Amino acid sequence: MTSADRVSTSRIPKWVRSFGVQIIAALIIGLGLGLLAKYTGSIEESPTGLGATLKIIGSSYVSLLQAAVVPLIFTAVVSSIANLRQVSNAAKLAWNTLLWFAITALIAVLIGIGLGVLIKPGAGTGIAEAGQYSGRTGDWWAFLTGLFPKNFLGLGASTSVVDGTATTNISFNVLQILVIAIVVGIAALKVGKAAEPFLNLNASALAVIQKVLWWIIRIAPLGTIGLIGNAVAVYGWDTMGSLGKFAGTIYIGLILVLFVVYPVLIKSHGLSVRQYFSGVWPAVQLGFVSRSSIGTLPLTQRVTERSLGVPRAYASFAVPLGATTKMDGCAAIYPAVAAIFVAQFFGIQLDLTQYLLIVLVSVLGSAATAGTTGAVVMLTLTLSTLGLPLAGVGLLLAIDPIIDMGRTAVNVAGQALVPTIVAKRQGILDETLYNAPRTEQPFTDDDAAESAPSELADTRA
């Protein structure tokens, strides 16, 4: 960065350079453009120029995030396991992390069940009965067999022929990549000194991938305009109206978890609620608009370390693990309310055993959501376990993107919360850093690195 660049940047008000302000501004602009597109005739099947532009911007941003998912998960998980060498009582930390993942998931799913029973979102919707659902489904056997990788990269390919033209799509299984990374990481620890070159290379690759992701994250306001605008243009208030009771129930549950349960847990551990939210908010905002815990991972880890005071060696283990398995929104509140919605819609009475199954599936099966956008697999897993009609999934897909925004925001907040709580309980939380004033600019040190890399390297050593 040249001196001229620094001078011009300094003339821009600090509040304008704030990442949070940029995201909020993008939300408002996206909402306005989305409404404009919708009421000028843009529909999903035949979008107007504005509607098509919003769709391209939004989908391109998500594609950029997804492109980095595979290398990010592998390098982050391998590095996080290797970093446990630097933490005393690593096994105890890992156990406590998983325990608090389960505790917070249990609280969230109980809230979801309570709201579903109290509000009855599936009763009297006025929606015509859905036809047979033919989309992706989830079941326990598929979940278990899906853990075993078919190749080292956890990749798959499918070919479809339309009008004589063959198209091959490459996909990845996040669970298989996670399993591969865990096995490789543990093996590297067991090998010891001979694995040091590999671990150093992995750490270097992770740093490069995270730098690329930072560049992608820094254009999040532009992606936000496209994502929000397209969601409003395609789904709008008409679709929301028919399922408004269900959407409202979900968001009530998400708000209760984010602004009641999490603050109670933070306060009960002697920490400032205000400092927690001011620290984690940039990641929550990005999770809301990107709908991807994995895509938000670099920012979540950064705020957990540098704003909440969790030691890097522990945060680099807990946050990547949470990004793939810690889903209070997608895997706890949503499937609980959605399963009750489907039962009420089809006039099926749930008994105590089925409610207990909802709890069990939500606490143990959250890894099925895999940190990417959407929670359809988790929902079908819950419905199939309860023996409820999978046709009910089709009813809820229309507003899934809008609900997924809130779900992912809560997921991300929880992925930073648990490491903070565990670090506090184990006496390794840097409370001075936790209580320090916020700069509200998560990219400050990256700007410093570009202008004075040698100084930054010295401070990080």
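From a predicted model like this one, the values you see are computed outputs, not experimental measurements.
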For the backbone of Val319 and the side chain of Gln415, can you confirm whether one donor and one acceptor N or O come within less than 3.5 Å of each other? no

Which residue in the set Leu256, Ile255, Leu254, Thr249 passes side-chain contact (heavy atoms from CB on, under 4.5 Å) when paired with Ile252? Leu256

Spacing of OG1 belonging to Thr296 relative to CG belonging to Leu286, to within rounding of 0.5 Å: 4.0 Å

Is there side-chain contact between Leu33 and Ile225, with heavy atoms separated by less than 4.5 Å? yes

Can you name the closest pair of heavy atoms from Asn96 and Lys92 and give their distance? ND2-O, 2.7 Å

Quick one: are the ring centres of Tyr262 and Phe277 less than 6.0 Å apart? no

Measure from the side-chain N and O atoms of Lys326 to the backbone N and O of Ala323, and report whether any donor-acceptor pair falls under 3.5 Å. no

Measuring from Tyr334:OH to Ile250:CD1, what's the distance to the nearest 0.5 Å? 7.0 Å

Are Phe246 and Ile403 close enough that some pair of their side-chain heavy atoms sits under 4.5 Å apart? yes

Any side-chain heavy atom of Tyr314 sitting closer than 4.5 Å to one from Val422? yes

Taken to the nearest 0.5 Å, the spacing of Asn411 CG from Cys330 SG works out to 4.5 Å

Please find the pair of heavy atoms, one from Val280 and one from Val303, that lie closest to each other, and give the distance. CA-CG2, 4.2 Å

Could you report the tightest heavy-atom contact between Pro121 and Gly116, atom names first, then the distance? CD-O, 3.4 Å

Begin with the C-alpha distance, continue with both residues' side-chain angles, and end with the deciding distance and a verdict on side-chain contact (heavy atoms from CB on, under 4.5 Å) for Val208 and Ser204. CA-CA 6 Å; Val208 172; Ser204 297; 5.7 Å; no

With side chains defined as the heavy atoms from C-beta onward, is the minimum distance between Ile119 and Lys245 less than 4.5 Å? yes

Looking at every non-hydrogen atom in both residues, tell me the closest pair between Asn230 and Leu54 and how far apart they are. N-CB, 4.0 Å

For the side chain of Asn202 and the backbone of Phe198, is there at least one donor-acceptor N/O pair under 3.5 Å apart? no

Is it true that a side-chain atom of Ser316 and a backbone atom of Ala313 form a donor plus acceptor pair closer than 3.5 Å? yes

CD1/Ile340 to CG/Leu386 distance, rounded to the nearest 0.5 angstrom? 9.5 Å

Can you check whether Pro282 reaches Leu299 side chain to side chain, under 4.5 Å on heavy atoms? yes

Any donor-acceptor pair under 3.5 Å from Gln301 side chain to Pro320 backbone: no

Exercise: identify the closest heavy-atom pair between His269 and Ile421: NE2-CG2, 3.3 Å

Report the relative orientation of the aromatic rings in Trp281 and Phe259; use parallel for angles under 30°, tilted for 30 to 60°, perpendicular for over 60°. tilted

I'd like to check Arg407 versus Met327 (side-chain heavy atoms, cut-off strictly below 4.5 Å). Are they in contact? no

To the nearest 0.5 angstrom, please state how far the CD1 atom of Ile182 sits from the CG atom of Leu321. 7.0 Å

Look only at the side chain of Asp328 and the backbone of Gly414, and say whether a donor-acceptor pair between them is shorter than 3.5 Å. no

Worked verdict on Trp100 versus Leu417 for side-chain contact (heavy atoms from CB on, under 4.5 Å): CA-CA 10 Å; Trp100 276 97; Leu417 172 79; over 6 Å; no

Distance-only donor-acceptor check, side chains Tyr434 and Thr420, under 3.5 Å: no

Give a yes or no on whether the backbone of Thr304 and the side-chain of Ser307 come within a donor-acceptor separation of less than 3.5 Å. no

Heavy-atom check, side chain of Asp430 versus side chain of Pro311, under 4.5 Å: no

Tell me, with the steps shown, if Leu222 and Tyr61 meet side-chain contact (heavy atoms from CB on, under 4.5 Å). CA-CA 8 Å; Leu222 180 61; Tyr61 183 73; over 6 Å; no

Report yes or no: does Thr408 contribute a side-chain atom to a donor-acceptor pair with the main-chain N or O of Met405 at less than 3.5 Å? no

Can you measure from CD (Gln275) to CG (Leu433) and round to the nearest 0.5 angstrom? 10.0 Å

So which atom in Ser362 and which in Val109 form the shortest heavy-atom distance, rounded to 0.1 Å? OG-CG2, 3.3 Å

Evaluate Leu199 against Val78 for side-chain contact (heavy atoms from CB on, under 4.5 Å), listing each step before the verdict. CA-CA 8 Å; Leu199 293 176; Val78 171; 4.1 Å; yes

